[in-house]
Every structure is written in structure tokens, then in C-alpha cells.
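Position 1 is the first residue of the sequence, and the numbers go up from there.
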Amino acid sequence: MTVRRVIGVLLFMSATSLGVVGAITTPSSHSADLIEAPTSIYEFFAADTGVQCEIGRADTSWVDRDYAYCQSVSANISVSFKKGGAPKVCDNRMSCLGNPGLNTPRLRVGQTVHSGGITCVIFRSNVTCHDMAANGFMMTRNRISPLLP
């Protein structure tokens with residue numbers, strides 16, 4: 001399967017989990033699997049993937065663009081990207097980790113988190129975060145793969 005096809009499948013899966021293909025900002029009325037981030041910065045643990053994430057939107061003075069950040073404590077790796085940009089990977093040559101907040105929710109496989117122009121989808125073994133142009137990343141417990149259009 002080509003990278004473009006994989007990205008297309010991921011975008012389709014993300015959009016259909018919201019009930020509307022191609023419109024990530026409009027959830028269906030029966031979509032319990034969509035979480036529209038209730039605050040400007042929203043943190044979550046992604047099921048049993050070993051991945052912790054933060055997603056934010058540029059509606060505050062301290063966030064200049066919509067972004068996603070994920071990390072794996074077991075592999076000492078993290079990745080971040082801003083809407084419209086390329087993912088930036090930090091591997092275990094240096095400290096790459098932050099601290100999750102207190103009472104960070106644990107989300108289940110199939111749930112989608114949306115904030116601003118970024119969407120993160122939780123799969124069985126990974127978390128995939130992307131913008132509408134398909135910029136983003138896929139992260140497992142031990143690996144980060146950039147998604148570029």
C-alpha cells in the first residue's frame with residue numbers, strides 16, 4: 001500500500017468516525033467516539049499504546065498555532081508538529097519527555113480527539129495525529145513515522 005493510500009485511509013477513517021467525510025470539525029450527533037477538546041490544551045493517554053499526547057489550539061496568547069505533541073516514556077521519544085508543518089522528532093539521545101497532568105484521561109481505541117485544526121485518532125497499536133492537509137505523524141510505543149502529503 002502506498003503512503004498516499006495509507007494517508008487517505010487514515011483521513012477517511014478519521015472523518016467517518018465523525019460522521020461526515022471530509023469535514024473533521026462537524027461531528028455526527030451519535031458519535032460518542034469524538035472528543036472535541038474542551039480546553040485550549042488537552043492531554044490524554046492513548047489506550048494501551050504506551051503513548052501520551054497533548055493537543056492544543058491557537059486561541060490563547062501562549063499557543064501561536066494549532067499543534068500536537070506525543071511521547072513514549074518506555075522508549076524516551078517524542079514528536080511534535082504544528083498545523084501546516086513537518087513533525088519534529090526527539091529520540092533518546094537527550095531528554096525528550098514532559099510530565100502529563102494530574103487526572104489525564106485514558107482514551108480507548110477508536111476514539112478521536114479534535115482541537116482547532118488538528119485531529120488525533122487512537123488505534124490499537126498507535127496514535128495518528130494530522131491536520132487537514134495530511135501533515136502529521138503516527139506514533140507507537142517504540143517508533144515515530146512522519147506523515148507528509
Of all heavy-atom pairs linking Tyr67 and Ile118, the shortest is N-CG1, 3.8 Å
In terms of heavy-atom contacts, Tyr69 and Gly98 come closest through OH-N, 3.6 Å
Which atoms form the tightest heavy-atom contact between Pro105 and Glu43, and what is the distance? CD-O, 3.3 Å
Member of Thr128, Leu107, Ile122, Thr119 meeting the side-chain contact (heavy atoms from CB on, under 4.5 Å) criterion with Thr112: Thr119
Just verifying a value: how many Å separate Gln52 CD and Gln71 CD, rounded to the nearest 0.5 Å? 4.5 Å
At what distance, to the nearest 0.5 angstrom, does OG of Ser78 lie from NZ of Lys88? 12.0 Å
Do Cys129 and Cys120 have their SG atoms under 2.5 angstrom apart? yes
N-O pairing of Arg106 and Asp48 below 4.0 Å: yes
For Arg108, is there an ion pair with Asp33 - N to carboxylate O distance below 4.0 angstrom? yes
Between Val79 and Pro87, the two heavy atoms sitting closest are CG2-CB, 3.8 Å
Smallest separation among heavy atoms of Ile77 and Leu97, with atom names: O-CD2, 3.8 Å
Closest heavy-atom contact between Cys96 and Asn76? N-OD1, 3.6 Å
Could you measure the distance from the CZ atom of Phe45 to the OG1 atom of Thr104? Nearest 0.5 Å is fine. 5.0 Å
